[in-house]
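Here the structure comes first, spelled out in structure tokens, and everything after it is commentary.
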Amino acid sequence: MRDIAHVARELARKTLQNTLPRRWEHSLGVGRRAEQLASILGKDAELLAASAYLHDIGYAPDLVDTGFHPIDGARYLRDVHGADELLCRLVAHHTCAEIEAGDRGLLDILQGEFPKQRPDLVEALTYCDMTTSPDGARVEVADRLAEIRERYGPGDLVTRTITKATPCILSAVHAVQGRMALADVRLDDTVKVVADPQPHRTIHRVSLRLVAAHPAHFA
């Protein structure tokens, strides 16, 4: 069977690279960051990496439904690709998504369709997202938070909710950094984004069925 993280990376590329190239660069960086956590994630490493590549797929214009990318992305992965339930839940809950869902009036939908599971993996995905710049480079969490507030501006809902979510985000980042320190994990910043010589404009169906490979997640 093909490597699941590779399949996820290809789906993210084909969905985002042409229409939202900067979002693709960020997603690629987040995925690479997740792959570097393999030594502290064990059997969950591949699933975490897959969710990292796919975490922002809901921004793709063709996938917008509620307008809240964690839900839209998770629905697309579930309904179109039959993706693993835990992968969909990680995408739906990345980076303290409950807080923004509440502000958007979508919390019941988020919790009803994608109940939160494996908070340790949600923390790891949040760490990867919030230590990766919009261009895919590694950044400090404080700089990432400041960039988001500046990009959206003081009156935007995203700015308000990211401010509310800051304690949750910092807690997740610090928890993962603590695990990394104990395991002496060292990050490699040499990975660069390579443009696809044959970009695609259509949404592709790619198999992301992982249930049989990860039965313990549903115990």
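Since the model is a prediction, treat every value here as computed from it, not as a measurement.
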Verify, without hydrogens or angle tests, whether H174 (side chain) and L170 (backbone) share a donor-acceptor contact under 3.5 angstrom. yes

Please report the C-alpha distance between H69 and D56 in whole Å, then the side-chain angles of each, then the deciding distance to 0.1 Å, and finally whether the side-chain contact (heavy atoms from CB on, under 4.5 Å) criterion is met. CA-CA 7 Å; H69 75 277; D56 273 354; 3.1 Å; yes

To the nearest 0.5 Å, atom OG of S27 lies from atom CG of L54 at 8.5 Å

Kindly give the heavy-atom pair with the smallest separation between A165 and C96, and that separation in Å. CB-CB, 4.1 Å

Is a donor on one side and an acceptor on the other found under 3.5 Å between the side chain of D135 and the backbone of A137? no

Is it possible for you to say whether L125 and L110 belong to one hydrophobic cluster, with membership spreading through side-chain heavy-atom contacts below 4.5 Å? no

Can you run down the salt bridge (Lys or Arg N to Asp or Glu O under 4.0 Å) pairs that involve residues 163-179, sequence neighbours left out, and say none if there aren't any? D103-K164

Closest non-hydrogen atom pair between G136 and R33, with its separation: O-NH2, 3.9 Å

Shortest non-hydrogen contact from P115 to R89? O-CD, 2.9 Å

Any Y53 side-chain heavy atom under 4.5 Å of V30 side chain: no

Could you walk me through whether D120 and L41 pass the side-chain contact (heavy atoms from CB on, under 4.5 Å) check? CA-CA 9 Å; D120 57 325; L41 295 174; over 6 Å; no

List the steps, then state whether side-chain contact (heavy atoms from CB on, under 4.5 Å) holds for T95 with H55. CA-CA 10 Å; T95 313; H55 78 287; 5.6 Å; no

Between L107 and L157, is there a shared hydrophobic cluster once you connect ILVMFWY residues whose side-chain heavy atoms come closer than 4.5 Å? no

Calculate, to the nearest 0.5 Å, the distance between atoms CD and CD1 belonging to E113 and I71 respectively. 7.0 Å

Is the side chain of E46 donor-acceptor paired with the backbone N or O of I4 at a distance under 3.5 Å, no angle test? yes

For the residue pair A74 and A92, what are the closest heavy atoms and their distance? CB-CB, 3.8 Å

Enter the distance from L11:CG to H81:NE2 here, rounded to the nearest 0.5 Å. 4.5 Å

Does one side chain, of R9 or H6, offer a donor that lies under 3.5 Å from an acceptor on the other? yes

Inspect the contact between R13 and E10 and indicate whether a charged nitrogen and a carboxylate oxygen are less than 4.0 angstrom apart. yes

Row check, F68 ring normal vs R104 NZ/CZ: under 6.0 Å, within 45°: no

Is it the case that the side chain of D72 and the backbone of D65 share a donor-acceptor pair, with hydrogens and angles ignored and the cut-off at 3.5 Å? yes

Would you list the pairs meeting side chain to side chain donor-acceptor pair (under 3.5 Å) in which at least one residue belongs to residues 145-161, sequence neighbours left out? E147-R151

Check for a donor-acceptor pair, side chain of S171 on one end and backbone N or O of P167 on the other, with a separation under 3.5 Å. no

To the nearest 0.5 angstrom, please state how far the CG atom of D129 sits from the NE2 atom of H26. 4.0 Å

Do L106 and I162 land in one hydrophobic cluster if side-chain heavy atoms of ILVMFWY residues count as linked below 4.5 Å? no

Polar side-chain atom of R144 near backbone of T132 as donor-acceptor pair, under 3.5 Å: yes

I need the minimum non-hydrogen distance between V91 and S51, along with the two atoms involved. CG2-O, 4.1 Å

Determine whether a donor-acceptor pair (N or O, by modelled atom type, separation under 3.5 Å) exists between the side chain of H94 and the backbone of V122. no

Hey, which of L77, L16, I57, V80 is the one that makes side chain to side chain contact (heavy atoms under 4.5 Å, CB included) with L63? I57

Verify the cluster assignment for V141 and V176: are they in a single hydrophobic cluster under the rule of side-chain heavy atoms below 4.5 Å apart? yes

Distance (rounded to the nearest 0.5 Å) between T166 OG1 and L145 CG: 4.5 Å

Grab the two heavy atoms, one from A52 and one from A34, that are nearest each other, plus how far apart they are. CB-CB, 3.6 Å

What about V139 and V173, same hydrophobic cluster or not, with Ile/Leu/Val/Met/Phe/Trp/Tyr joined at side-chain heavy-atom distances under 4.5 Å? no

Nearest 0.5 Å, what's the CD-CD distance between Q17 and E25? 9.0 Å

Do K116 and Q111 make a side-chain contact, defined as non-hydrogen atoms from C-beta onward lying under 4.5 Å apart? no

